[in-house]
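Since the structure comes first, as structure tokens, the remarks are kept for the end.
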Amino acid sequence: MRKPEAGPAELPPLAGAEEGKVVVRLAPYPSGPLHIGNARAFLLNDEYAKRYRGKLILAFDDTIGSEEKPILPEAYDQVREGLEWAGITIHDVVYKSDRIPLHYEWGETLIGTGRTFVCECTAERLQALRKEMKACEHRSQEVDETLAMWRAMLDGQYHEGEAVLRLKTDIAHPNPAFRDRVLFRIAEREHPRVGTKYRVWPLLEFSWAVDDHLLGITHVIRGKDLVIEDMMESAIWDALGIARRPQFVHFGMLRFKDLELSKSGIRREVEEGRLSGYDDPRTWSLQSLRRRGLRPAALRAFVLSFGLSLTDVEVPAESLYAENRRLVDKDANRYFFVPDPVAVEISGLPVTGPLKVPLHPDFPGRGERTIPIAAKVHVTREDFEKLRGMDVRLKDFCNVRLDHKAQFLSMENRDIPKIQWVTHGVNAHVVMPDGSEARGMAEPAAAALKADDFIQFERFGFSRIDRVSKAEVRAYFAHR
RNA sequence: GCUCCCGUAGUCUAGCGGCCAAGGAUGGAAGCCUCUCGAGCUUCCGGCACGGGUUCGAAUCCCGUCGGGAGCACCA
């Protein structure tokens, strides 16, 4: 017997989750706006927080980062703006960069246990020894020696790259990355929020071991690319004697067909002028989805449909569009848009006077739009070339034998190819997902549209109106 | 190469030893409807990677093979 329900897939329950007590967190690194590839992380966390009436903490993971992946000051707002659009409920916001003193404090506690050492090896030597499963001479430090060197790091007696604090794990651990992992390192770069206040910065694992504990996180829901961090956090909790720990939950990687997504990549391409901005459709940022008129509910349904599986998924954007189309079709009024217009002169046209056409074919009660008619009309070049010489119907108007000099045939609705057309209309252009623009003419009624209206250009596709001026209508293409 | 993870139709997913001769979504095909290449309705196409076990019984458990992914940073 199969279950009769076919509705939206329900996520599995969270292990150990108690109603009202779940605390989860989102840890974006502010290097650019959030994009669709990040959606699995924030939607899953939000969804579970809501389901258990728990809390979601937005914790900017803004430790100093790396040279290649710098923090972008405006990314803090871009991230929040994107989350807000996506309908994420945030109960609290914290910044890692405000918590460095806390990390120092816990770092010193950890040093006191004798489970750490300050290493002066170069990054290269450290890596080489790691590969050989050999410890370096620093590993045998006494605690007070480590503490003194740690203070020297804080005091500026070491420069970038000259010393790090490492955790003694197992130098022969099967995973090389796990062998005496680095906890703190020196970075003398300026931080956009706290400037040069700190020179010693914790690495992600240590800062999270401390903060997951301090913030009372009950469930860490993150991508499986971060599994090693579970082990590291656990190792640090072991050393610190912390017993209460969050549950780790992972999900597989989400990829889009033919799409490479990266926050810092967006930033670079925008700076180099190859993208029009951080909401350029090619970025697939949340802002760009908003601009195209994709609905947050569609994004959510789409992403949550992947569940919590550890399977990596590679999906075509078409699936997201299908989800959105379902939501928008009934609301989107219909208009004619003729990209790349070709003039057609109709001879023998017996009628004049405007047409009344419903705004939406499935809801005639919604109202009508008025389309002026004339002997001279425009049709798209694509239709013209494909149908030239054939009988076609100018939708809602009349039948003609198509050519530059077209011949009027009749008025009645015949079962022949129907194409959209305009007489004079307004200039219109539509920004396509690949960044190109479709330029042409839209029917006059389109001039009354407003920014944020979501419409369908018949036989062209669903689009969000971005700007309307006397001179033109500008729209962003969502999908067919 | 090493460590870990995953493998249900083209794609995504349900399935947790008998309710599965595998369900849903998307996609494709056909038809109906519709003055859109949209929506809606109907029908159809298509899958448990492979090989061994365990069991009365396996998509479900175990082993192996093959395939895919992630990690292997003083990034997050």
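Please read all numbers here as calculations on a predicted model, not as lab measurements.
Of the side-chain N and O atoms in Arg125(A), none sit less than 4.0 angstrom from OP1 or OP2 of rC74(B).
Atom P of nucleotide rU26(B) and atom CG of Asn324(A) are separated by 14 Å, given to the nearest angstrom. In this structure, CG of Leu165(A) is placed 19 Å from P of rA73(B), rounded to the nearest angstrom. Tyr198(A) places its OH atom 24 Å from the P atom of rC74(B), with the value rounded to the nearest Å. Straight-line distance from the NE2 atom of His250(A) to the P atom of rA70(B): 15 Å, rounded to whole Å. Nucleotide rC4(B) holds its P atom 15 Å from the CG atom of Leu310(A), rounded to whole Å. rU36(B) atom C1' lies 12 Å from atom CD1 of Ile419(A), rounded to whole Å.
If you check every strand for non-hydrogen atoms under 4.0 Å, Glu160(A) touches nothing. Residue Arg414(A) is out of contact with every strand shown, counting any heavy-atom pair closer than 4.0 Å. Within the 4.0 angstrom heavy-atom criterion, only backbone atoms of the sugar-phosphate kind lie near Val313(A); the bases stay farther away. Looking at heavy-atom distances under 4.0 Å, Cys121(A) makes contact with a base. If you check every strand for non-hydrogen atoms under 4.0 Å, Asn413(A) touches a base. As judged by a 4.0 angstrom heavy-atom cut-off over every strand, Phe462(A) is placed among residues touching the sugar-phosphate backbone only.
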**Item:** Derivation of the ring pair (Phe, Tyr, Trp, His ring centres under 6.0 Å) call for Tyr335(A) and Phe457(A)
**Value:** CA-CA 5 Å; Tyr335(A) 293 90; Phe457(A) 283 132; 7.1 Å; no
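Here rG71(B) is the nucleotide among rG38(B), rG71(B), rC75(B) with the atom lying nearest to any side-chain atom of Ile228(A).
If you check the side chains of Thr370(A) and Lys356(A), you find a donor sitting under 3.5 Å from an acceptor.
One cannot find a donor-acceptor pair under 3.5 Å joining the base of rA73(B) and the side-chain atoms of Gln127(A). Side-chain atoms of Lys418(A) and base atoms of rC35(B) include no donor and acceptor less than 3.5 Å apart. Put simply, the side chain of Gln456(A) and the base of rU36(B) share a donor and an acceptor less than 3.5 Å apart. No donor-acceptor contact under 3.5 Å links the side chain of Asp362(A) to the base of rG40(B).
Heavy-atom minimum distance, Leu165(A) versus Thr146(A): CD1-CG2, 4.1 Å.
Here rU60(B) sits opposite no nucleotide as a Watson-Crick or G-U wobble pair (both hydrogen-bonding atom distances under 3.5 Å).
Phe184(A) and Phe206(A) have tilted rings, their planes meeting at an angle from 30° to 60° on a 0 to 90° scale.
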